[in-house]
Amino acid sequence: SENLENLSQAMGIMQHHDAVTGTEKQAVAQDYDRLLYEAISGAENNARDALRILTNLTSGEFDSCLELNISACAFTQKSANNVVVTVVNPLGHTSTQYVRVPVPKENYIVTDEKARKVPSELVAVPWQVLSLEHRPNDTQHELVFQATVEKISNFYIRILPVPKSQSHLSYNSVYAHNSIGRANDEE
Amino acid sequence: SNELIVENSLIKLVFDTTTGGLKTIEMNGVTENIEQSFGIYKGFQGNNGEAKNRSSGAYIFRPDGNIEILSNKVELSVYDGTKVKEVHQHFNEFVSQVVRLYDGINRVEFEWLVGPIPTEDEVGREIVTRFTTNIASNGKFYTDSNGREMLERDRNKRENFDADMTESVSGNYYPVTAQISLQDDKKRITLLNDRAQGGASLRDGELELMLHRRLLSDDAFGVGEALNEVQYGTGLIARGKISLILDAASENPNHAERSTQLELHLPFWKFFSKSNNVASVK
């Protein structure tokens, strides 16, 4: 409750017009940054506990990568093999969106929660982004795949290494032609 | 060829390879010449002693002179995948962009990257992007009201009083927290943004969004600092997304725009775990 209350309070403070429009002093901006970061990190514990109950990943880390917006993720920067991405839809209706996971340049197979292959592509991050100062430079590619998730629910994507026999495939090949088809099946 | 065509089953984009810029978009059964450009307003610097000497700052957008449109040839590189197609555009040392189409997604994504804005010449700069079309919008455009209803705006006018439009650029800027649109009898263009920005339609058929500002003077309206993150040594780099939807004009609120707006503001949350066990739904 304390974690959620902290997040609630931080979000309340961010409704102030200075926070919305950027008319706060620099020190205040940095304090907003601190408040938000601490509140989000605290609430991550709640999300982790909830997701452990909702899934069979009792030891799942359920890490959030807060730098996905700059194509960086400490969790996947060395290797994305055997990574499970739990995708949670906060909307009140089924949604189909593309997910981008920063990864090193390797061959990957993406599967859904029922171990069915999901078409995916490896796309290079633009060099203008890679050349930015202070940005971790390990992840120079993004693995892109589509996910359809029902309202307020979660969905699993697993990223596996490609077996050696398939490793000759070009990195931007699509590994399967079946669409996820999950929404139709369940509907 | 003078044209680069990037398309999927829903959208066709045509780029002019002589300039490197976007030229035409075809989607939802509508085709329109849409040019996109980036521009720089120099921020006015004064002593704030009286209104005419007010500096451009956190509260005040006050350009000094006309916009400078980046007109150099844009370097292009293309990623032509099955699910995603990307055109990477390099405008100059501090402006670049990725134009992106996703298979099955009915919008064009523009992921812009601006900064650090140079100020070695002691001039503050405010960077905007402009989408120019032939849509006869007749001075009217629409901006959202904090993600709720769309409000009609009339260029150079206010609803309830005669406005002093001495500041003709900033006087037409409105807050855009989710969407800005314009239309005529046949076509409608909408930009959906990922953050609160300023936006305007300074000419018929044209939409403009402010992306990133770096200014060297305070505007004396309270913050007491210039918009210049000095502690970092150089200016900041900002990265964000604008989604564009071209559609037939409509009298009624557009459901597709509204639902896209929600998806952009509440995207999927991603949680990462290492596991050798395949998870199952409970």
Side-chain angles (χ1 to χ4, degrees), chain A residues 18 20-26 47-48 51 54-57 59-65 68-70 73 75-76 82-91 93 95-99 101 111 113-115 119-121 123-124 126-129 132-133 144-147 149 155-156 158 172 174, chain B residues 57-59 77 79-84 86 88-90 93 95-98 100 102-105 111 113 115-116 146 175 177 194 196 213 221-225 227-232 234 237 239-241 259 262-263 266-282:
Chain A
D18 277 347
V20 174
T21 59
T23 45
E24 75 279 35
K25 283 182 184 287
Q26 185 60 40
R48 187 175 297 121
L51 288 167
L54 290 168
T55 68
N56 66 355
L57 292 172
S59 60
E61 294 97 325
F62 297 106
D63 259 24
S64 298
C65 289
L68 285 178
N69 63 321
I70 57 167
C73 175
F75 199 87
T76 57
N82 294 316
V83 164
V84 174
V85 186
T86 306
V87 183
V88 178
N89 175 12
L91 294 168
H93 55 81
S95 179
T96 298
Q97 295 177 27
Y98 278 84
V99 177
V101 180
T111 64
E113 81 286 2
K114 290 178 181 164
S120 65
E121 288 178 49
V123 183
W127 65 264
Q128 291 91 348
V129 174
L132 299 180
E133 267 187 276
V144 183
F145 54 85
Q146 193 180 35
V149 187
F155 177 88
Y156 310 93
R158 188 176 183 223
N172 59 0
V174 174
Chain B
Y59 289 89
S77 58
Y79 172 80
D80 189 15
T82 311
K83 286 283 176 186
V84 59
E86 295 188 350
H88 298 193
Q89 294 177 304
H90 177 67
E93 68 275 16
V95 178
S96 63
Q97 179 177 250
V98 177
R100 192 173 282 137
Y102 286 113
D103 186 45
I105 302 289
E111 186 166 27
L113 184 77
N146 262 351
T177 54
D194 63 347
R213 314 172 69 205
F221 267 99
V223 69
E225 293 174 357
L227 271 186
N228 180 17
E229 291 82 2
V230 285
Q231 76 279 15
Y232 297 109
T234 59
I237 300 156
R239 180 173 167 185
K241 291 178 183 173
S259 116
L262 286 171
E263 286 183 353
L266 290 168
F268 290 163
W269 302 338
K270 296 99 179 172
F271 294 94
F272 297 84
S273 302
K274 287 268 183 196
S275 175
N276 289 318
N277 302 315
V278 177
S280 62
V281 176
K282 192 170 179 180

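Quick note on labels: first sequence line is chain A, next is B, and so on, each numbered from 1.
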Original post:
Is the backbone N or O of B:Lys274 less than 3.5 Å from a side-chain atom of A:Glu61, with the two atoms forming a donor-acceptor pair by type?
Top reply: yes

Original post:
Relative to chain B, which segment of A:Thr21 carries a heavy atom at a distance below 4.5 Å: side chain, backbone, both, or neither?
Top reply: neither

Subject >> B:Pro267, part contacting chain A, at a heavy-atom distance under 4.5 Å >> reply: both

Subject >> Inter-residue atom distance B:Ile105.CD1 - A:Gln97.CD, 0.5 Å rounding >> reply: 7.5 Å

Original post:
Taking C-beta and beyond as the side chain, do B:Glu263 and A:Leu91 meet within less than 4.5 Å on heavy atoms?
Top reply: yes

Original post:
Any side-chain heavy-atom pair from B:Asp103 and A:Tyr98 closer than 4.5 angstrom?
Top reply: yes

Original post:
For B:Glu225, which residues count as a side-chain hydrogen bond (donor to acceptor under 3.5 Å, both in side chains) partner, sequence neighbours excluded?
Top reply: none

Original post:
Heavy-atom distance under 4.5 Å to chain B: side chain of A:Phe62, backbone, both or neither?
Top reply: both

Original post:
Hey, are the side chains of B:Phe221 and A:Thr23 touching, using non-hydrogen atoms and a 4.5 Å cut-off?
Top reply: no

**OP:** Please flag which part of B:Leu266 lies under 4.5 Å from any non-hydrogen atom of chain A: side chain, backbone, both or neither.
**Re:** both

Original post:
How about B:Trp269 and A:Ser64: do any of their side-chain heavy atoms sit closer than 4.5 Å?
Top reply: no

Original post:
Top residue by heavy-atom pair count (under 4.5 Å) with chain A, among B:Arg100, B:Lys241, B:Glu111, B:Arg213?
Top reply: B:Arg100

Original post:
Do A:Trp127 and B:His88 have their ring centres less than 6.0 Å from each other?
Top reply: no

**OP:** May I ask you to test the B:Phe268-A:Val85 pair for a side-chain heavy-atom distance under 4.5 Å?
**Re:** no

Original post:
What are the two closest heavy atoms between B:Val98 and A:Pro126, and how far apart are they?
Top reply: CG2-CG, 3.4 Å

Subject >> Interchain contact, B:Glu86 with chain A, by part (heavy-atom threshold 4.5 Å) >> reply: side chain

Original post:
Taking it one step at a time, do B:Lys83 and A:Val144 satisfy side-chain contact (heavy atoms from CB on, under 4.5 Å)?
Top reply: CA-CA 8 Å; B:Lys83 286 283 176 186; A:Val144 183; 5.7 Å; no

Original post:
Counting heavy-atom pairs under 4.5 Å to chain A, which of B:Ser96, B:Ala196, B:Gly104, B:Ser259 comes out on top?
Top reply: B:Ser96

Original post:
Under a 4.5 Å heavy-atom cut-off, does chain A meet the side chain of B:Gln89, its backbone, both or neither?
Top reply: backbone

**OP:** Against chain B, label A:Asn69 side chain, backbone, both or neither, depending on which of its atoms sit under 4.5 Å from a heavy atom there.
**Re:** backbone

Original post:
Looking only at heavy atoms, which two atoms of A:Gly22 and B:Ala58 are closest? And how far apart?
Top reply: O-CB, 4.3 Å

Original post:
Is any side-chain heavy atom of A:Val99 less than 4.5 Å from a side-chain heavy atom of B:Lys270?
Top reply: yes

